[in-house]
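Both backbone and side-chain heavy atoms feed into the values below; hydrogens, waters and symmetry mates do not. Each chain gets a letter, A, B and so on, in the order the sequences are listed, and its residues count up from 1.
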Number of protein chains: 2
Amino acid sequence: MKFEKTFGDTVKKLREDKNLPLREVAEALNIDTSMLGKIEKNSRKPTKQIIEKFAKLFKVSSKDLTIAFLSDAVAYQVMEEENFSSEVFKVAEEKVEYLKTKKPLDK
Amino acid sequence: MKFEKTFGDTVKKLREDKNLPLREVAEALNIDTSMLGKIEKNSRKPTKQIIEKFAKLFKVSSKDLTIAFLSDAVAYQVMEEENFSSEVFKVAEEKVEYLKTKKPLDK
DNA sequence: CTACCTTTGGACTGAAGTAGTCCAAAATGA
DNA sequence: TCATTTTGGACTACTTCAGTCCAAAGGTAG
(Lines give C-alpha, C1' and ligand atoms only; values in the text may rest on other atoms or scores of the structure.)
Protein backbone atom coordinates (compact mmCIF):
# COMPACT_ATOMS: atom_id res chain seq x y z
CA MET A 1 0.00 0.00 0.00
CA LYS A 2 1.24 3.43 -0.88
CA PHE A 3 1.12 6.41 1.44
CA GLU A 4 -0.33 9.29 -0.47
CA LYS A 5 0.03 12.89 0.64
CA THR A 6 -2.90 12.61 3.02
CA PHE A 7 -5.12 9.90 4.43
CA GLY A 8 -7.96 11.11 2.27
CA ASP A 9 -5.85 10.78 -0.85
CA THR A 10 -4.85 7.31 0.24
CA VAL A 11 -8.35 5.94 0.53
CA LYS A 12 -9.52 7.87 -2.49
CA LYS A 13 -6.85 6.19 -4.54
CA LEU A 14 -7.85 2.78 -3.25
CA ARG A 15 -11.39 3.45 -4.31
CA GLU A 16 -10.62 4.93 -7.69
CA ASP A 17 -8.23 2.16 -8.57
CA LYS A 18 -11.22 -0.11 -8.41
CA ASN A 19 -13.48 2.34 -10.20
CA LEU A 20 -15.99 2.36 -7.44
CA PRO A 21 -18.31 5.29 -6.76
CA LEU A 22 -18.47 6.83 -3.30
CA ARG A 23 -21.95 5.50 -2.87
CA GLU A 24 -20.92 1.92 -3.29
CA VAL A 25 -17.94 2.07 -0.95
CA ALA A 26 -19.95 4.02 1.57
CA GLU A 27 -22.56 1.29 1.56
CA ALA A 28 -19.96 -1.36 2.12
CA LEU A 29 -18.59 0.63 5.02
CA ASN A 30 -22.07 1.36 6.23
CA ILE A 31 -21.62 5.10 6.34
CA ASP A 32 -23.21 8.05 4.57
CA THR A 33 -21.93 8.76 1.07
CA SER A 34 -21.31 12.33 2.03
CA MET A 35 -19.37 11.20 5.04
CA LEU A 36 -17.05 9.17 2.88
CA GLY A 37 -16.62 12.09 0.53
CA LYS A 38 -15.58 14.24 3.45
CA ILE A 39 -13.16 11.64 4.71
CA GLU A 40 -11.53 11.58 1.31
CA LYS A 41 -11.31 15.34 1.48
CA ASN A 42 -9.88 15.23 4.99
CA SER A 43 -12.68 17.25 6.45
CA ARG A 44 -13.91 14.39 8.63
CA LYS A 45 -11.88 11.80 10.43
CA PRO A 46 -12.62 8.10 10.19
CA THR A 47 -13.16 6.12 13.35
CA LYS A 48 -10.92 3.16 14.08
CA GLN A 49 -13.76 0.90 13.07
CA ILE A 50 -14.07 2.55 9.70
CA ILE A 51 -10.35 2.22 9.16
CA GLU A 52 -10.66 -1.48 9.87
CA LYS A 53 -13.50 -1.83 7.41
CA PHE A 54 -11.53 0.09 4.81
CA ALA A 55 -8.63 -2.29 5.26
CA LYS A 56 -10.80 -5.35 4.89
CA LEU A 57 -12.68 -3.97 1.94
CA PHE A 58 -9.59 -3.00 -0.01
CA LYS A 59 -7.48 -5.83 1.31
CA VAL A 60 -4.70 -3.67 2.65
CA SER A 61 -2.96 -3.91 5.98
CA SER A 62 -4.95 -2.20 8.67
CA LYS A 63 -1.70 -1.34 10.35
CA ASP A 64 -0.59 0.58 7.28
CA LEU A 65 -3.91 2.35 7.01
CA THR A 66 -3.67 3.30 10.64
CA ILE A 67 -0.20 4.66 10.07
CA ALA A 68 -1.52 6.65 7.15
CA PHE A 69 -4.19 8.08 9.38
CA LEU A 70 -2.12 8.81 12.45
CA SER A 71 0.72 10.35 10.49
CA ASP A 72 -1.79 12.72 8.98
CA ALA A 73 -3.13 13.79 12.34
CA VAL A 74 0.34 14.24 13.74
CA ALA A 75 1.62 16.07 10.69
CA TYR A 76 -1.21 18.58 10.78
CA GLN A 77 -0.75 19.15 14.46
CA VAL A 78 2.90 20.00 14.05
CA MET A 79 2.36 22.00 10.89
CA GLU A 80 0.09 24.44 12.61
CA GLU A 81 3.01 25.60 14.64
CA GLU A 82 6.48 26.58 13.64
CA ASN A 83 9.07 24.65 11.71
CA PHE A 84 10.31 22.38 14.43
CA SER A 85 8.89 19.17 13.06
CA SER A 86 12.02 17.04 13.12
CA GLU A 87 12.94 18.10 16.60
CA VAL A 88 9.41 17.60 17.81
CA PHE A 89 9.29 14.09 16.42
CA LYS A 90 12.63 13.27 17.86
CA VAL A 91 11.66 14.30 21.36
CA ALA A 92 8.27 12.69 20.92
CA GLU A 93 9.87 9.36 20.12
CA GLU A 94 11.81 9.50 23.34
CA LYS A 95 8.69 10.29 25.28
CA VAL A 96 6.80 7.45 23.66
CA GLU A 97 9.65 5.15 24.51
CA TYR A 98 9.53 6.27 28.09
CA LEU A 99 5.77 6.16 28.34
CA LYS A 100 5.64 2.67 26.89
CA THR A 101 7.61 1.30 29.80
CA LYS A 102 5.59 3.30 32.28
CA LYS A 103 2.20 2.73 30.73
CA PRO A 104 0.87 0.06 33.13
CA LEU A 105 0.87 2.24 36.21
CA ASP A 106 1.28 5.68 34.70
CA LYS A 107 0.78 6.99 38.23
CA MET B 1 16.80 23.51 28.98
CA LYS B 2 16.13 19.88 29.66
CA PHE B 3 13.21 17.93 28.27
CA GLU B 4 11.59 16.07 31.11
CA LYS B 5 9.25 13.16 30.60
CA THR B 6 6.29 15.44 30.01
CA PHE B 7 5.65 19.11 29.44
CA GLY B 8 4.17 19.37 32.91
CA ASP B 9 7.29 17.93 34.46
CA THR B 10 9.38 20.35 32.47
CA VAL B 11 7.69 23.46 33.74
CA LYS B 12 7.32 22.06 37.21
CA LYS B 13 11.06 21.56 37.33
CA LEU B 14 11.68 25.09 36.17
CA ARG B 15 9.49 26.36 38.95
CA GLU B 16 10.85 24.14 41.69
CA ASP B 17 14.42 24.89 40.79
CA LYS B 18 13.65 28.42 41.78
CA ASN B 19 11.67 27.41 44.84
CA LEU B 20 8.62 29.29 43.74
CA PRO B 21 5.10 28.32 44.79
CA LEU B 22 2.42 27.76 42.19
CA ARG B 23 0.65 30.89 43.31
CA GLU B 24 3.57 33.11 42.57
CA VAL B 25 4.28 31.72 39.13
CA ALA B 26 0.60 31.71 38.30
CA GLU B 27 0.42 35.37 39.17
CA ALA B 28 3.35 36.16 36.95
CA LEU B 29 1.70 34.28 34.12
CA ASN B 30 -1.61 35.82 34.95
CA ILE B 31 -3.48 32.58 35.27
CA ASP B 32 -5.32 30.78 38.02
CA THR B 33 -3.13 28.90 40.48
CA SER B 34 -5.21 25.82 39.95
CA MET B 35 -4.79 26.15 36.23
CA LEU B 36 -1.03 26.13 36.59
CA GLY B 37 -1.24 23.12 38.86
CA LYS B 38 -3.21 21.29 36.22
CA ILE B 39 -0.76 22.26 33.52
CA GLU B 40 2.05 20.81 35.59
CA LYS B 41 0.00 17.66 35.96
CA ASN B 42 -0.75 17.57 32.23
CA SER B 43 -4.47 17.77 32.73
CA ARG B 44 -4.76 21.14 31.00
CA LYS B 45 -2.88 22.41 28.01
CA PRO B 46 -1.16 25.77 27.98
CA THR B 47 -1.98 28.22 25.24
CA LYS B 48 0.80 29.48 23.00
CA GLN B 49 0.72 32.74 24.93
CA ILE B 50 1.25 30.99 28.20
CA ILE B 51 4.17 29.08 26.76
CA GLU B 52 5.70 32.37 25.69
CA LYS B 53 5.24 33.83 29.14
CA PHE B 54 6.76 30.73 30.69
CA ALA B 55 9.78 31.11 28.46
CA LYS B 56 10.26 34.74 29.35
CA LEU B 57 9.72 34.17 33.04
CA PHE B 58 12.19 31.31 33.31
CA LYS B 59 14.50 32.62 30.66
CA VAL B 60 14.44 29.55 28.49
CA SER B 61 14.08 29.33 24.74
CA SER B 62 10.46 29.53 23.73
CA LYS B 63 11.28 27.30 20.81
CA ASP B 64 12.45 24.60 23.20
CA LEU B 65 9.42 24.98 25.39
CA THR B 66 7.22 24.72 22.33
CA ILE B 67 9.01 21.56 21.31
CA ALA B 68 8.49 20.21 24.80
CA PHE B 69 4.81 20.93 24.48
CA LEU B 70 4.22 19.70 20.96
CA SER B 71 6.19 16.52 21.47
CA ASP B 72 3.96 15.77 24.40
CA ALA B 73 0.81 16.24 22.41
CA VAL B 74 2.11 14.17 19.57
CA ALA B 75 3.44 11.43 21.82
CA TYR B 76 0.13 11.02 23.61
CA GLN B 77 -1.76 10.95 20.35
CA VAL B 78 0.35 8.12 19.02
CA MET B 79 0.45 6.27 22.32
CA GLU B 80 -3.28 5.92 22.42
CA GLU B 81 -3.07 3.68 19.41
CA GLU B 82 -0.85 0.77 18.72
CA ASN B 83 2.89 0.51 18.72
CA PHE B 84 3.64 2.11 15.40
CA SER B 85 5.23 5.26 16.70
CA SER B 86 8.45 5.21 14.72
CA GLU B 87 6.70 4.44 11.49
CA VAL B 88 4.06 7.04 12.15
CA PHE B 89 6.67 9.71 12.80
CA LYS B 90 8.61 8.71 9.73
CA VAL B 91 5.62 9.04 7.44
CA ALA B 92 4.53 12.18 9.24
CA GLU B 93 7.86 13.81 8.56
CA GLU B 94 7.44 13.15 4.87
CA LYS B 95 3.98 14.61 4.95
CA VAL B 96 5.16 17.70 6.77
CA GLU B 97 7.90 18.05 4.22
CA TYR B 98 5.40 17.87 1.44
CA LEU B 99 2.87 20.12 3.09
CA LYS B 100 5.49 22.75 3.80
CA THR B 101 6.10 23.23 0.10
CA LYS B 102 2.39 23.20 -0.63
CA LYS B 103 1.26 25.28 2.29
CA PRO B 104 0.74 28.60 0.49
CA LEU B 105 -2.04 27.41 -1.77
CA ASP B 106 -2.93 24.11 -0.07
CA LYS B 107 -5.48 23.52 -2.84
C1' DC C 1 -1.93 21.16 68.37
C1' DT C 2 -2.55 25.40 65.71
C1' DA C 3 -2.20 28.42 62.02
C1' DC C 4 -0.81 29.19 57.62
C1' DC C 5 0.42 28.31 53.04
C1' DT C 6 0.73 25.17 49.20
C1' DT C 7 -0.84 21.52 46.44
C1' DT C 8 -4.33 18.63 44.59
C1' DG C 9 -8.32 17.56 42.45
C1' DG C 10 -13.59 17.44 42.09
C1' DA C 11 -17.36 19.74 40.07
C1' DC C 12 -19.20 22.89 37.16
C1' DT C 13 -20.11 26.22 33.19
C1' DG C 14 -19.68 28.05 28.89
C1' DA C 15 -17.31 27.79 24.62
C1' DA C 16 -15.22 25.43 20.76
C1' DG C 17 -14.90 21.61 18.06
C1' DT C 18 -16.53 17.57 15.68
C1' DA C 19 -19.34 13.66 13.77
C1' DG C 20 -22.95 12.57 11.24
C1' DT C 21 -27.07 13.72 8.43
C1' DC C 22 -29.72 15.87 4.89
C1' DC C 23 -30.11 18.23 0.93
C1' DA C 24 -29.21 20.67 -3.20
C1' DA C 25 -26.06 22.43 -6.55
C1' DA C 26 -22.31 21.32 -9.61
C1' DA C 27 -19.79 18.17 -12.28
C1' DT C 28 -19.35 14.13 -15.09
C1' DG C 29 -20.40 11.41 -18.71
C1' DA C 30 -23.40 8.33 -21.64
C1' DT D 1 -30.90 15.54 -22.02
C1' DC D 2 -30.95 12.45 -18.20
C1' DA D 3 -28.90 9.75 -14.67
C1' DT D 4 -25.38 9.35 -11.52
C1' DT D 5 -21.59 10.95 -8.91
C1' DT D 6 -19.25 14.38 -6.41
C1' DT D 7 -19.03 18.37 -3.60
C1' DG D 8 -20.00 21.18 0.03
C1' DG D 9 -23.24 24.14 2.89
C1' DA D 10 -26.06 24.10 6.84
C1' DC D 11 -27.61 22.18 10.78
C1' DT D 12 -28.00 19.32 15.22
C1' DA D 13 -26.40 16.71 18.74
C1' DC D 14 -22.65 15.33 21.17
C1' DT D 15 -18.20 15.58 23.06
C1' DT D 16 -14.31 17.80 24.60
C1' DC D 17 -11.94 21.24 26.89
C1' DA D 18 -10.43 25.64 29.17
C1' DG D 19 -11.02 28.14 32.90
C1' DT D 20 -12.92 28.99 37.53
C1' DC D 21 -14.18 28.16 42.22
C1' DC D 22 -13.86 25.75 46.16
C1' DA D 23 -12.65 22.53 49.63
C1' DA D 24 -9.87 18.86 51.24
C1' DA D 25 -5.26 17.17 51.95
C1' DG D 26 -0.35 17.83 52.74
C1' DG D 27 3.49 20.17 54.56
C1' DT D 28 5.96 23.11 57.87
C1' DA D 29 7.13 26.15 61.47
C1' DG D 30 5.94 27.98 65.88
Using heavy atoms to find the nearest nucleotide of DNA chain C for Thr33(B) and Ile50(A) separately, return the residue whose nucleotide is more 5′.
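Its nearest nucleotide being more 5', the pick is Thr33(B).
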
Go through dT20(D), dT7(D), dT7(C) for me and flag the one nearest to the Pro21(B) side chain.
dT7(C)

Where the side chain of Arg23(B) is concerned, which of dT6(C), dT8(C), dT20(D) is the nearest nucleotide?
dT6(C)

How many whole angstroms separate atom [atom1] of [X] from atom [atom2] of [N]?
X        : N       : atom1 : atom2 : result
Tyr76(B) : dT16(D) : OH    : C1'   : 18 Å
Asn42(A) : dG8(D)  : CG    : C1'   : 15 Å
Leu22(A) : dC22(C) : CG    : P     : 17 Å
Ile31(B) : dC17(D) : CD1   : C1'   : 15 Å
Lys41(B) : dG10(C) : NZ    : C1'   : 15 Å
Ile39(B) : dT8(C)  : CD1   : P     : 14 Å
Leu36(A) : dT6(D)  : CG    : C1'   : 11 Å
Met35(A) : dG8(D)  : CE    : P     : 15 Å

I'd like to know if Ser34(B) reaches the base of dG9(C) with its side chain such that a donor and an acceptor end up less than 3.5 angstrom apart.
yes

Rounded to the nearest 0.5 Å, how far apart are CG of Leu22(B) and CD of Glu40(B)?
5.0 Å

Taking atom CZ of Phe54(A) and atom OG of Ser62(A), what is their separation to the nearest 0.5 Å?
13.0 Å

State whether Arg15(B) places a side-chain N or O below 4.0 Å from either non-bridging phosphate oxygen (OP1 or OP2) of dT7(C).
yes

Hey, does Arg44(A) reach any base, or is it just sugar-phosphate, or nothing, if we go heavy atoms under 4.0 Å?
base

Classify Lys38(B) by what it touches in the nucleic acid, base, sugar-phosphate, or nothing, heavy-atom distance under 4.0 Å.
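Base, at least one base atom sits under 4.0 Å.
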
Non-hydrogen atoms of Leu65(A) and Phe7(A) that approach each other most closely
O-CE1, 3.6 Å

Can you sort out the partners of Phe89(B) under ring pair (Phe, Tyr, Trp, His ring centres under 6.0 Å), two or more places apart, ordered by chain and number?
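If we apply the ring pair (Phe, Tyr, Trp, His ring centres under 6.0 Å) test to Phe89(B), skipping adjacent residues, the hits are Phe89(A).
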
Verify, without hydrogens or angle tests, whether Arg15(A) (side chain) and Leu20(A) (backbone) share a donor-acceptor contact under 3.5 angstrom.
yes

